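Because the structure is a prediction, the values reported are computed rather than measured.
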Amino acid sequence: MTQREQAATAFDHLHTRHAAALTQQAYLLTGRPWLARRAVERGFRLAWQRWPEVAVDPDPAGWVRAAVYEYALTPWHQLCPGLRTARGLRKASAAGPSDRALPPALLSLPSLYRRVLLLHDVVGLGPDETAAEIEASVPAMAARLAHARERLAELLPGLGLDGQSPVRQGEILRARITALPAGARTTPPAAEDVRSGSERSARRTTRAVFGGTGLFALVTLVMMALTPDHYTPTEQPRAAAPHTRTAPARHRDTDARDQRNTARDHRNAAQDERNAAHDERNAAREQGNAAVRKKIRQARLAPELR
């Protein structure tokens, strides 16, 4: 037996043992048979694509279960038309027998509570294993589990969960949930179909990647061929300007210094002119004052002339 045949045999054995139970769990998580079947098929397809990794995993069934749960609880599934099925189950009357009221009650719980309840009370995982699979702490997992049981006890008093210990509550729920009939049209696909579909999907993905790469390379080559290899500036009219010869930097500095000195000399000459005019005015004023004083003295010396 070749290595591929051995891998196919081990995969088929894993699928045979756990596909039906996982389909039922996915149906209890979503309330939609077609989504449960698709989630299980996708989980096993991923397992076959990554079989070297899954084969050496300590818990291959747990690896597939985590993939199934993640796909089944993806929020964008709420936009699908099949949501009517889940709503119909939620609106089912809880006044009838508890076996018929239990699935709607489970679907009324938040998705995180449903997952914890199935993993701990139905699958039988311990607190640490459950917390690890949901990627939460043990206290957070225990709180979600307790709230889920309290909610079911309120919705379905006939289950007899009130007043029971946590261990006894888990036993009751496991017995009642595992006794539920399988959901309609939730038969899992055959292992051989899953393997062939996974291989076809891998081939399509590979072709799409190579096709996208080739298309990108083709577009790049076309753009390189159409783009000129040099830049040709556009001709623009320019206004005619007289040609002036630029003087050397040393001459420009000397001319500027000479201009500053000339301006300073002009300012000094103007200041000197202003000072001379001021002195002339002062001299004229002194002459006038001297003439006045002289006349006053003459008048005092010859009073008879008054």
Quiz item: Atom CZ in Arg149, atom CG in Leu159: separation rounded to 0.5 Å?
Solution: 12.5 Å
Self-check item: Closest non-hydrogen atom pair between Arg65 and Leu125, with its separation
Solution: NH2-CD1, 3.7 Å
Practice problem: Taking the side chain as every heavy atom from C-beta outward, state whether Leu22 and Phe44 have any pair of such atoms under 4.5 Å apart. | Solution: yes
Self-check item: Polar side chain donor-acceptor pair, Tyr69 to Glu133, under 3.5 angstrom
Solution: no
Quiz item: Hey, are the side chains of Leu46 and Tyr71 touching, using non-hydrogen atoms and a 4.5 Å cut-off?
Solution: no
Self-check item: Spatial distance of atom CZ (Arg50) from atom CG (Asp57) [nearest 0.5 Å]
Solution: 12.0 Å
Quiz prompt | Leu152 CG to Ile177 CD1 distance, which is reported to the nearest 0.5 Å | solution = 7.0 Å
Quiz item: Quick one: CZ on Arg267 to OG1 on Thr262, what's the gap to the nearest 0.5 Å?
Solution: 10.5 Å
Exercise. Show your reasoning for whether side-chain contact (heavy atoms from CB on, under 4.5 Å) applies to Arg114 and Leu29.
Key: CA-CA 6 Å; Arg114 272 178 280 158; Leu29 282 175; 4.0 Å; yes
Exercise. For Ala101 and Leu156, work out which heavy atoms get closest and say how close.
Key: CB-CD2, 3.5 Å
Quiz item: Between Arg144 and Ile134, does a side-chain contact (heavy atoms from CB on, under 4.5 Å) hold up when you go through it step by step?
Solution: CA-CA 11 Å; Arg144 294 174 187 175; Ile134 66 173; 3.7 Å; yes
Exercise. Kindly check if the number of other-residue, nucleotide or ligand heavy atoms within 6.0 Å of CD (Glu5) is above 12?
Key: yes
Quiz item: Are the side chain of Gln169 and the backbone of Leu161 linked by a donor-acceptor contact shorter than 3.5 Å?
Solution: yes
Exercise. Could you walk me through whether Leu117 and Val122 pass the side-chain contact (heavy atoms from CB on, under 4.5 Å) test, one step at a time?
Key: CA-CA 7 Å; Leu117 189 68; Val122 178; 5.9 Å; no
Quiz prompt | Where Trp51 and Leu14 come nearest, the two heavy atoms and their spacing | solution = CZ3-CD2, 4.0 Å
Quiz prompt | Thr2 side chain near Gln6 side chain, heavy-atom distance below 4.5 Å | solution = no
Self-check item: Minimum-distance pair of heavy atoms, taken over all atoms of Pro33 and Gly31
Solution: CD-O, 3.9 Å
Practice problem: Anything under 30° is parallel, anything over 60° is perpendicular, the rest tilted; go ahead and classify His147 against Tyr113. | Solution: parallel
Self-check item: Under-4.0 Å salt bridge between Glu70 and Arg115
Solution: yes
Quiz item: Any ion pair linking Arg174 and Glu171 (charged N to carboxylate O, less than 4.0 Å)?
Solution: no
Quiz prompt | Side chains of Asp121 and Leu145 in contact at under 4.5 Å (non-hydrogen atoms) | solution = yes
Quiz item: What's the verdict on side-chain contact (heavy atoms from CB on, under 4.5 Å) for Val68 and Thr23, showing C-alpha distance, side-chain angles and the deciding distance?
Solution: CA-CA 9 Å; Val68 172; Thr23 304; over 6 Å; no
Quiz item: Just one of Arg45, Arg37, Arg38 clears the side chain to side chain donor-acceptor pair (under 3.5 Å) bar with Glu41, so which one?
Solution: Arg45
Practice problem: Rounded to the nearest 0.5 Å, what's the gap from CD1 on Ile172 to CZ on Arg168? Could you check? | Solution: 4.5 Å
Quiz item: Counting only N and O atoms by type, is there a donor-acceptor contact under 3.5 Å from the side chain of Thr130 to the main-chain atoms of Pro127?
Solution: no
Quiz prompt | Side chain proximity check, Asn275 to His278, heavy atoms < 4.5 angstrom | solution = no
Quiz prompt | Ala67 versus Gly43, closest heavy-atom pair with distance | solution = CB-CA, 4.1 Å
Quiz item: More than 12 foreign heavy atoms under 6.0 Å from CD of Gln3: is that the case here?
Solution: no
Quiz item: So, for Val116 and Met141, which heavy atoms are closest and what is the spacing to 0.1 Å?
Solution: CG1-O, 3.9 Å
Self-check item: Between CG on residue Leu73 and OG1 on residue Thr30, distance to nearest 0.5 Å
Solution: 8.0 Å
